[in-house]
Amino acid sequence: MQASYAEVVAVYRYSYHRRMAEDLPIGYYLKNFNFLLDFVFQYYDDVLLADELAYRVNFQKLSVAAQRLYVRLSSRRGPMFRVEKIHYAEIIDVEAGINELVEQGYFDQSQEVAADWLLSLMTKNELLELFDLSGQQMRREELDQAIIEQHSAAQIKSLLEIDTVMPLGEEHLKIYKLLFFGNLSQDFTEFVLRDLGLSRFENYLTDRSARYFDDRPSLEKVLHCGVLNEACQHLIAVGDAQQIADFGQVQLTTEKFLSADLLADAILHKELHKELHQELHKELHKELHLEVSDAEIIRRYSKMFNSLARQLERLDSTTQALRLYEQSTLPPARERRARLLAKCGDVQSSLALCAEIVALPATEAELAFAIQFGNRLIARHKCVVSWLPVVLAENFQHDEISLHKVNDVNVEILVCEWFKQQGSDAYYVENGLIPSLFGLYFWDIIFIPIKGVFFNPVQRGPIDLFTADFKVRRQALIEDRLLRMTEENYTANKILSTYRQKLGIANYLVSWNLIDIQLLKQSLSRIGVNDLKQMFIHLLQDLRHNRSGLPDLVVFPPQAGYQLVEVKAPGDRLQNSQKCWFKFFTGQQIPASIVNVRWQ
DNA sequence: TACAACCGAG
DNA sequence: TTCACACGGTCGT
DNA sequence: GACCGTGTGTCTCTCGGTTGTACG
Ligand SMILES: [Mn+2]
Ligand SMILES: [Mn+2]
C-alpha cells in the first residue's frame with residue numbers, strides 16, 4: 001500500500017538519526033526536488049498555471065539520470081555550463097542525459113547569449129591563450145572587457161569552441177520554491193542540513209486548508225516584490241538620483257499592489273486595532289482566514305521606499321527623498337522626514353511629524369527619537385508645544401575599569417574574563433540569552449498551529465512571529481502563561497523541561513549554540529522571576545525590534561543575584577536599541593550597568 | 001608560491 | 001528573513 | 001555629542017577544490 005501523503009510529509013519533517021555526510025543516499029537531491037514539486041502540487045494545484053503544472057509532470061516523466069542531471073545543474077550558479085566539465089559519479093552517461101533534456105525542453109544548447117556569459121565559463125589562462133594576450137597584465141574583469149571590445153560575439157563564440165548547456169524552466173522552479181517556502185530566500189540546502197542532522201524542525205501541523213498563498217494574486221504580489229527589490233538594490237548601487245527617484249515614483253507607486261486605496265485601508269486597519277475592544281479583537285482573528293497579508297506586502301514596499309530614499313539623501317536629492325519617505329509606513333521614514341524638514345528650515349512640519357510619532361509611535365526607538373528631536377527643535381526655535389513629553393535624564397549606572405588591550409580579542413571577552421577573575425561567573429551572550437529563555441518558555445504557544453502560520457515542514461517559527469499580530473492572535477494563551485510565572489518553580493521547570501525536550505529543534509528565538517543547561521540553571525536561579533517576566537513582556541511589545549539591544553554580558557556574582565553588563569570600549573556609545581533596553585531596566589529596577597573600559 | 005575568495009557537495 | 005554591533009570620522013555647538 | 005558610513009562577524013554547517021591575485 002502506498003504511504004499517505006501525510007506520512008511522506010512526516011518522514012520529511014524528521015531526521016531521527018544523526019547521519020554522517022556519506023550516509024546521504026545516492027540521488028538524495030532528486031528526492032528532495034521531487035518532494036518539493038509534489039508537496040506544492042498537493043497544496044496549490046489550483047494556483048499553478050498550466051505551464052507550471054506541465055513543468056512538474058513532464059519532468060517526472062524523464063529518466064532518472066536526466067532528472068538527476070537537471071537538478072544538479074539547476075541548483076548551481078550557472079546559468080550556463082561547459083559540457084566537458086560536467087562530471088558526476090552517479091550520472092554515467094551525461095551526453096544521453098543532455099540529449100533527453102534538450103529534446104524535452106529542459107536544457108538549451110544554443111549560445112545565443114551575451115558574450116560575457118560565455119567568457120565567464122573559461123579560466124583566465126584559457127582566455128589569455130585563445131586570444132593571444134599572454135603578455136598582458138590584466139585583472140580578470142579587464143580581460144573580459146578587452147576581449148568583448150575587440151571581438152564580435154560571433155567571433156568569440158567560434159574561438160571558444162565549447163559545448164554548453166543551460167537549464168530551462170528556472171522561472172517555474174522559482175514559483176514552486178516560493179510556494180513551498182513562502183519566501184525567495186530558502187532553498188534545498190534546508191533539506192540537506194536537516195538530513196545531515198544539522199537542523200531539526202518542530203512537529204507542527206500543516207495541511208492544505210492552511211496554506212500561505214490563498215490565490216494566484218497573493219503569489220504574484222510576493223514574486224513581484226522580489227523582482228522590484230532586486231531592481232532597487234541594483235539602482236541604489238549604480239543609479240543616479242533621477243533614476244532612483246523615477247523608479248520610486250513610477251515602478252513602486254503606480255504599482256497596482258500598492259494603490260492609494262490599499263494604503264488607506266492599511267491605515268484604517270491600524271486605527272481599528274487600537275479602538276477595538278480586546279474581546280472583539282480575539283473573535284475577529286479567530287474567524288479571519290489568514291493569508292499573505294497586505295500588511296506584509298506594504299512592509300516590503302516600505303523597506304524599498306526607505307532604502308531608495310536614503311540613497312537619494314546621500315545624493316543630496318532632499319525633495320525626492322522626502323517624497324519617497326512619504327510613501328513608506330515603516331520606520332525610520334518619519335524620522336528621516338523630520339530630520340530633512342528641519343534641515344530645510346520647515347520647523348513646523350518637522351514638529352508636526354514628531355507630534356504624529358508621539359501620538360502613535362511605530363516602535364520604541366521612533367518614539368524616543370521624536371521626543372528627543374522635538375525637544376531639541378523647540379529649544380532651538382523657542383516654540384511652545386503641549387504634546388511633547390520632557391526628556392528624562394538618563395542616569396544609567398556606569399562603571400570604569402582599566403584593562404590591557406589584547407590584539408585579536410574582543411573587548412567584551414576581556415571584560416568577561418575580568419569578571420571571572422573577580423570571582424563571578426560571566427557569559428558573553430548579547431541577544432542570545434533572554435530571547436532564548438523567552439523562546440523556551442513560550443515554545444508550545446509559538447508553535448501552536450493557528451491556521452495559515454505553518455505551511456511547510458522546515459519553518460523556524462510561525463510566519464507571523466515578528467508581526468504585531470503574533471501576540472494578538474495568541475493573547476489568552478500568552479497572558480495565562482505570564483500569570484503562571486509567579487507559581488513556585490513553574491518558570492524554571494517549564495524552561496528546563498522544554499530545553500531537554502526540544503534540544504536542537506530550530507526556533508528563531510532560541511540560540512542553541514549559545515545556551516547550555518548550566519547557563520540556563522544559573523540564569524533561572526539568579527534572575528528573579530519577576531524581572532524575567534517584565535523582560536518577557538517587554539520583548540512581547542515588539543518581538544522584531546526588542547530582540548536586539550540586550551547587554552553584552554550576564555554576570556553572576558559569587559553569592560547571589562545577577563547583573564546585565566554592556567561593555568563599552570573608549571569611543572563606543574550606547575546604540576538606540578541599547579538605550580531602549582536600559583531605559584526599561586531602569587524603570588523596572590533590573591540590575592544593569594555599563595562598563596566603560598580604559599586601555600592601560 | 002601562498003593566500004583569499006568563491007563555490008559546490010554532502 | 002540580512003542584520004547587529006563596533007568603530008572612526010565629520011560637523012556643529 | 002549627534003550623526004553617518006563602513007568594517008566585521010554571522011547567518012543554517014563544514015570541508016575541499018578551483019580560480020584569481022599579490023608578492024617574492
Ligand atoms: Mn555588544
Ligand atoms: Mn558593547
S.K.: Ignoring backbone atoms, test whether A/R314 places a side-chain nitrogen or oxygen under 4.0 Å from the OP1 or OP2 oxygen of D/dG5.
M.R.: yes

S.K.: Looking at A/R68 and A/E90, is there a salt bridge between them, counting it only when a charged N and a carboxylate O are closer than 4.0 Å?
M.R.: no

S.K.: Would you measure the distance from the P atom in D/dC4 across to the matching atom in C/dT13 and give it in whole Å?
M.R.: 15 Å

S.K.: A/F466 ring centre to A/R547 NZ or CZ under 6.0 Å, with the angle to the axis within 45°?
M.R.: yes

S.K.: For B/dG10, take OP1 and OP2 only and decide whether either is under 4.0 Å from a side-chain N or O of A/Y28.
M.R.: yes

S.K.: Would you find a donor on one side and an acceptor on the other, under 3.5 Å apart, between the side chain of A/N375 and the backbone of A/P389?
M.R.: yes

S.K.: Summarise protein proximity over nucleotides 5-13 of chain C in one line of letters, 5' to 3': B for base, S for sugar-phosphate only, - for none, counting protein heavy atoms closer than 4.0 Å.
M.R.: BBS------

S.K.: Which whole number of Å gives the distance between the C1' atom of D/dT10 and that of D/dT14?
M.R.: 15 Å

S.K.: According to the Watson-Crick and G-U wobble definitions, with both distances under 3.5 Å, which nucleotide is paired to D/dT10?
M.R.: none

S.K.: What I want to find out is whether A/E296 reaches A/K221 closely enough, with some N-O distance under 4.0 Å, to be called a salt bridge.
M.R.: no

S.K.: Between atom CZ in A/F33 and atom C1' in B/dA9, what is the gap in whole Å?
M.R.: 17 Å

S.K.: If I take atom CD in residue A/Q311 and atom P in nucleotide D/dC4, what distance separates them, rounded to the nearest angstrom?
M.R.: 14 Å

S.K.: Of the nucleotides B/dG8, D/dC3, C/dT1, which has the atom closest to the A/R77 side chain?
M.R.: B/dG8

S.K.: Below the 4.0 Å mark, does D/dT21 have OP1 or OP2 next to a side-chain nitrogen or oxygen of A/K124?
M.R.: yes

S.K.: Take the protein atom CD of A/E141 and the nucleotide atom C1' of B/dA5, then report the distance between them rounded to whole Å.
M.R.: 14 Å

S.K.: Locate the shortest heavy-atom distance separating A/Q372 from A/V391; write the atom from each residue and the value.
M.R.: CA-CG2, 4.2 Å

S.K.: Is the distance from OP1 or OP2 of D/dC3 to the nearest side-chain N or O of A/R310 less than 4.0 Å?
M.R.: no

S.K.: Does a nitrogen or oxygen in the side chain of A/T123 sit under 4.0 Å from OP1 or OP2 of D/dT18?
M.R.: no

S.K.: Would you say the rings of A/F470 and A/Y508 are close, in the sense that their centroids are separated by under 6.0 Å?
M.R.: no

S.K.: For the pair made of CG in A/L128 and C1' in D/dG20, what is the distance, rounded to whole Å?
M.R.: 11 Å

S.K.: Please give me the minimum heavy-atom distance between A/R82 and A/L121, naming the atom from each residue.
M.R.: NH1-O, 3.1 Å

S.K.: When you compare C/dT1 with D/dC11, how far apart are their C1' atoms, in angstrom units rounded to a whole number?
M.R.: 10 Å

S.K.: In whole Å, measure the gap between the C1' atoms of D/dG5 and B/dG10 for me.
M.R.: 40 Å

S.K.: Taking the minimum atom-to-atom distance to the side chain of A/R376, which one of D/dC3, D/dG20, C/dT2 wins?
M.R.: D/dC3

S.K.: Nearest whole Å is fine: how far is D/dT8 C1' from A/I413 CD1?
M.R.: 14 Å

S.K.: Establish, with yes or no, whether the OP1 or OP2 oxygen of D/dC3 is under 4.0 angstrom from a side-chain nitrogen or oxygen of A/R339.
M.R.: yes

S.K.: A/S185 has a side chain; which of B/dA9, D/dG20, C/dT1 sits nearest to it?
M.R.: C/dT1

S.K.: Does a side-chain N or O of A/R336 approach OP1 or OP2 of D/dC4 to a distance below 4.0 Å, or not?
M.R.: yes

S.K.: Any side-chain donor paired with an acceptor under 3.5 Å for A/T363 and A/D542?
M.R.: no

S.K.: Send over the distance from A/L127 CG to D/dG20 C1', rounded to a whole Å.
M.R.: 12 Å

S.K.: Closer than 4.0 Å, any side-chain N/O of A/Y88 to the OP1 or OP2 of B/dA9?
M.R.: yes

S.K.: Just the rounded figure in Å: distance from P of D/dT18 to CZ of A/R76.
M.R.: 12 Å

S.K.: Measure the distance from CG on A/L121 to C1' on D/dT18 and round it to the nearest whole Å.
M.R.: 15 Å

